[in-house]
Trainee: 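There's a structure below that I have some questions on.
Just so you know, residue 1 is the first one in the sequence shown, and it goes up from there. Hydrogens, waters and symmetry mates play no part in the numbers below; they use all other heavy atoms, side chains included.
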Amino acid sequence: MRLDNIIFKFGIAPTIASARQLISHGHILINNERVNIPGYQCKVKDQISVSKKPNLRQLITKFFSESESRIIPSHLSFNESSLDGKINSIVSRES
């Protein structure tokens with residue numbers, strides 16, 4: 001589970017390319033540690049959050065208010081008010 005794809009699935013970024021940019025610029029934290037590698041392989045129970053920079057948080061909150069609601073997959077959980085999420089389980093490829 002790549003970090004850039006998870007950020008996109010959370011709805012923090014409108015595209016995977018913009019998710020990669022957020023990560024590369026150091027705006028994403030995993031388990032309260034800054035990660036700047038878009039291809040970082042996330043693990044189950046990783047806490048993913050947005051840095052505490054007020055301008056960034058305001059920008060993301062504005063994006064949420066202007067965009068359509070996204071359906072977050074069942075293996076992820078995300079809290080829009082605190083801008084943090086968690087990986088609950090590994091993705092099941094069976095359907």
Trainee: Could you tabulate the donor-acceptor pairs under 3.5 Å formed by side-chain atoms of residues 42-50, not counting sequence neighbours?
Mentor:
unit_1 : atom_1 : unit_2 : atom_2 : d
K43    : NZ     : Y40    : OH     : 3.3
D46    : OD1    : N31    : ND2    : 3.1
D46    : OD2    : K43    : N      : 2.8

Trainee: Which residues pass the side chain to side chain donor-acceptor pair (under 3.5 Å) test with S81, not counting sequence neighbours?
Mentor: N79
Trainee: About how many Å separate CG of D84 and CG of L29, when rounded to the nearest 0.5 Å?
Mentor: 10.5 Å
Trainee: Which value, rounded to the nearest 0.5 Å, describes the distance between I30 atom CD1 and I37 atom CD1?
Mentor: 9.5 Å
Trainee: Can you list every salt bridge (charged side-chain N to carboxylate O under 4.0 Å, His left out) pair that touches residues 71-81, not counting sequence neighbours?
Mentor: none
Trainee: Is the number of heavy atoms from other residues, nucleotides or ligands under 6.0 Å of Q41 CD greater than 12?
Mentor: yes
Trainee: How many angstroms lie between CG in L22 and CG in L3, if you round to the nearest 0.5 Å?
Mentor: 10.0 Å
Trainee: Please list all pairs meeting salt bridge (charged side-chain N to carboxylate O under 4.0 Å, His left out) that have one or both residues in residues 26-37, counting only residues at least two apart or in different chains.
Mentor: none
Trainee: Holding to side chain to side chain donor-acceptor pair (under 3.5 Å), I want the full list of residues that pass it with N36, two or more places apart in sequence or in another chain.
Mentor: none
Trainee: Of all residues at least two apart in sequence or in a different chain, which pass the side chain to side chain donor-acceptor pair (under 3.5 Å) check with T15?
Mentor: S18
Trainee: Could you pull out every donor-acceptor pair under 3.5 Å between side chains of residues 4-14 and any protein atom, sequence neighbours left out?
Mentor:
unit_1 : atom_1 : unit_2 : atom_2 : d
D4     : OD1    : R2     : NE     : 3.2
D4     : OD2    : R2     : NH2    : 3.0
D4     : OD2    : R20    : NH1    : 3.2

Trainee: Quick one: side chain to side chain contact (heavy atoms under 4.5 Å, CB included) partners of H25, sequence neighbours excluded?
Mentor: Q21, H27
Trainee: Which ring-ring contact (aromatic ring centres under 6.0 Å, His included) pairs, counting each pair once, include a residue from residues 45-72, with sequence neighbours left out?
Mentor: F64-F78
Trainee: Are L76 and I23 grouped together when hydrophobic residues (ILVMFWY) are joined by side-chain heavy atoms under 4.5 angstrom apart?
Mentor: yes
Trainee: With sequence neighbours left out, write down each residue that passes side chain to side chain contact (heavy atoms under 4.5 Å, CB included) with S77, or none if nothing qualifies.
Mentor: K86, N88
Trainee: What is the distance from atom CD1 of I87 to atom NE2 of H75, rounded to the nearest 0.5 Å?
Mentor: 7.5 Å
